[in-house]
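The structure under discussion appears below in the form of structure tokens.
We count residues from 1, following the sequence as given. As the structure is a prediction and not an experimental result, all values here were calculated from the model.
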Amino acid sequence: MSARGPAIVVGASLAGATAALALRRHGWSEPIMLVGEEDRLPYERPQLSKGYLAGARDLGHLLVAPERRFADAGIELVLGQRVTELHPGDHRVTVGGRRLPYGVLVLCTGATARRPVLPGAGLRGVHLLRTLADADRLRAEVAPGTPVVVVGMGLIGSEVAATLNRLGADVVAVDPLPAPLHRLVPAPVGEMLADLHRGHGVRLRLGRSVREIAGRDRVEAVVLDDGERLPARMVVAGLGAVPNTGPAVAAGLDVGVGIRTDAFGRTSAPDVYAAGDVTEQFVPHRGRHERVEHWKHAIQQAGAVAAAIAGTPVPLDESPWFWTDQYDVHLEVAGWPDAAAPVVVDGVVGAGGQAGEFLARTVVDGRVQAVTGVGRGRELRALGRALPGGPPHETYTDRRQE
């Protein structure tokens, strides 16, 4: 590998930190700068809606790596700064008003929580959950008996509803779809999750949407589309996330839903790569670009980018894998879920408001396209190895031990 000048990694995220550290492991000898908008060390987000929000995990458990590890690797951390402009034509970026040259640029700018577009969305007590600061604000306000309305029962909304319920809040969850995680799991699993939440005391309003968040200075109620008024002191919106593609769009990069990359993480601009939640990566076995917002995929993409920059490119062509923890249930999904596809269930999905042990195979054109399971991790991994693109989650060394 020939040195081509400094590497600048934009986004001190899981993907960004992993890419910077992996670059050094691959032998990149030029300076590496890791730029982050937040004034904190890079951290992992999955526990924000679970252990960290519940007070069971502290920041030390979330860090991608301790500060000393970045220093030992010779990675300059520039935190609390935004990259405002990209100039791929002359290999420069604007950071905090400074225009810096790069030999290679890696965009890991992540995504921003989608804000509700509703009357009253700006009232005090309306929360999003994407950052540590968001989780800290949410945790500071919740108390036993606090009436909370969770809007959206995707991954974040479902996990927040479960966590706040366990903290003693009085939780009502609203979603226009027929079940929690409706787009991510087969229908029987979604029904099980709905029963699980109800069994723990969360009141669900499924197939319903929010018309208004009512209150003077602070949230007082949430008004649904049928006129039902839900008393609330807090609202948590779990409405998905929007990729932070602004500078990439302005710079003329190929951007669809996210920054489009090939299977190696290369963008449409020379010497510019991207990884993590901001990307829309080409997946060879799917024959199209896909946006995958999962912890493991961010690590894999960052590794693929570092390898490509190092001159040993290996395409990323795996099926995604993710997990969710709700109450005492650890649910895993490997592959490409399709809520409308037929499903074959082995085991008992659930009964009486409790989850059973099961594997649910989503079948498309006679092939298993996704596997969902609880309590059957070994079998899920074995089935995952037969999915297109290889195993959903191989054994790999924990980054903290490298």
Open item on the list: So, using salt bridge (charged side-chain N to carboxylate O under 4.0 Å, His left out) as the criterion, who are the partners of Arg266 when residues are at least two apart?
Closed with: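 Listed in chain order: Asp262.
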
Task: Residues which pass salt bridge (charged side-chain N to carboxylate O under 4.0 Å, His left out) with Arg98, listed by chain and number, not counting sequence neighbours - done: none

Open item on the list: Would Arg286 pass as a cation-pi partner of Trp336, given that its NZ or CZ must be under 6.0 Å from the six-membered ring centre and within 45 degrees of the axis?
Closed with: yes

TODO: Could you tell me whether Asp225 and Arg205 have a side-chain N and a carboxylate O separated by less than 4.0 Å?
DONE: no

Contact between [X] and [Y] at the side-chain level, heavy atoms closer than 4.5 Å - yes or no?
X	Y	answer
Leu100	Ile8	yes
Tyr102	Val272	yes
Leu105	Asp271	no
Val333	Leu184	no
Val343	Val363	no
Leu79	Glu38	no

Check ring pair (Phe, Tyr, Trp, His ring centres under 6.0 Å) between [X] and all other residues, then give those that pass, not counting sequence neighbours.
X	value
His297	none
His182	none
Phe358	none

TODO: Nearest 0.5 Å please: distance from the CZ atom of Arg92 over to the CZ atom of Arg99.
DONE: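 Here the interatomic distance stands at 7.0 Å.
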
Open item on the list: If I take atom CG from residue Leu59 and atom CD from residue Gln47, how far apart are they, to the nearest 0.5 angstrom?
Closed with: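 The CD atom of Gln47 is 12.5 Å from CG of Leu59, to the nearest 0.5 Å.
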
Open item on the list: Just to verify, what does Arg378 make a side chain to side chain contact (heavy atoms under 4.5 Å, CB included) with, not counting sequence neighbours?
Closed with: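 By the side chain to side chain contact (heavy atoms under 4.5 Å, CB included) rule, Arg378 matches Arg381.
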
Task: Within 6.0 Å of CZ in Arg203, more than 12 heavy atoms from elsewhere - done: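 Count over threshold, so yes.
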
Task: Heavy atoms of other groups near Glu228 CD, more than 12 under 6.0 Å - done: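 It does: Glu228 CD has more than 12 such atoms within range.
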
Side-chain polar contacts of residues 132-152 - donor-acceptor pairs under 3.5 angstrom, sequence neighbours left out - could you list them?
residue : atom : partner : partner atom : Å
Asp134  : OD1  : Arg137  : NH2          : 2.6
Asp134  : OD2  : Arg130  : N            : 2.9
Asp134  : OD2  : Thr131  : N            : 3.1
Asp134  : OD2  : Thr131  : OG1          : 3.2
Asp136  : OD1  : Tyr52   : OH           : 2.6
Arg139  : NE   : Leu53   : O            : 3.1
Glu141  : OE1  : His127  : NE2          : 3.3
Glu141  : OE1  : Arg218  : NH2          : 2.4
Glu141  : OE2  : His127  : NE2          : 3.4
Thr146  : OG1  : Ala143  : N            : 3.0
Thr146  : OG1  : Ala143  : O            : 2.8

Return a table of donor-acceptor pairs under 3.5 angstrom between the side chains of residues 189-202 and protein atoms on other chains or two or more places apart.
residue : atom : partner : partner atom : Å
Asp195  : OD1  : Arg198  : NH1          : 3.3
His197  : ND1  : Tyr327  : OH           : 2.9
His197  : NE2  : Gln326  : OE1          : 2.9
His200  : ND1  : Leu196  : O            : 3.0

Open item on the list: Side chains of Thr261 and Glu280 only: does a donor on one sit below 3.5 Å from an acceptor on the other?
Closed with: no

Open item on the list: Filter on salt bridge (charged side-chain N to carboxylate O under 4.0 Å, His left out), then keep only pairs touching residues 73-89, sequence neighbours left out; what's left?
Closed with: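 Matches after skipping sequence neighbours: Glu37-Arg82.
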
- [ ] May I have all residue pairs that pass salt bridge (charged side-chain N to carboxylate O under 4.0 Å, His left out) and include part of residues 104-126, sequence neighbours excluded?
- [x] Arg124-Asp217

Open item on the list: Does the plane of the ring in His289 sit parallel, tilted or perpendicular to the ring in Phe282? Use 30° and 60° as the thresholds.
Closed with: perpendicular

Task: Summary of side-chain hydrogen bond (donor to acceptor under 3.5 Å, both in side chains) pairs that have at least one residue in residues 337-359, sequence neighbours excluded - done: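 Residue pairs passing side-chain hydrogen bond (donor to acceptor under 3.5 Å, both in side chains), neighbours aside: Asp346-Arg376.
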
Task: Worked check of side chain to side chain contact (heavy atoms under 4.5 Å, CB included) between Glu44 and Val64 - done: CA-CA 6 Å; Glu44 300 180 0; Val64 177; 4.0 Å; yes

TODO: Mark yes or no for whether Ser13, through its side chain, and Gly16, through its backbone, hold a donor-acceptor pair below 3.5 Å.
DONE: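 Here the side-chain-to-backbone pair exists.
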
Sequence neighbours excluded and cut-off under 3.5 Å, please list the side-chain donor-acceptor pairs for residues 234-257, or say none.
residue : atom : partner : partner atom : Å
Asn244  : OD1  : Thr112  : OG1          : 2.6
Asn244  : ND2  : Thr109  : O            : 2.7

- [ ] List the steps, then state whether side chain to side chain contact (heavy atoms under 4.5 Å, CB included) holds for Tyr273 with Leu107.
- [x] CA-CA 6 Å; Tyr273 297 75; Leu107 302 176; over 6 Å; no

TODO: Show the numbers, then the answer: is there a salt bridge (Lys or Arg N to Asp or Glu O under 4.0 Å) between Glu318 and Lys296?
DONE: CA-CA 11 Å; Glu318 293 199 3; Lys296 183 175 179 260; 3.4 Å; yes

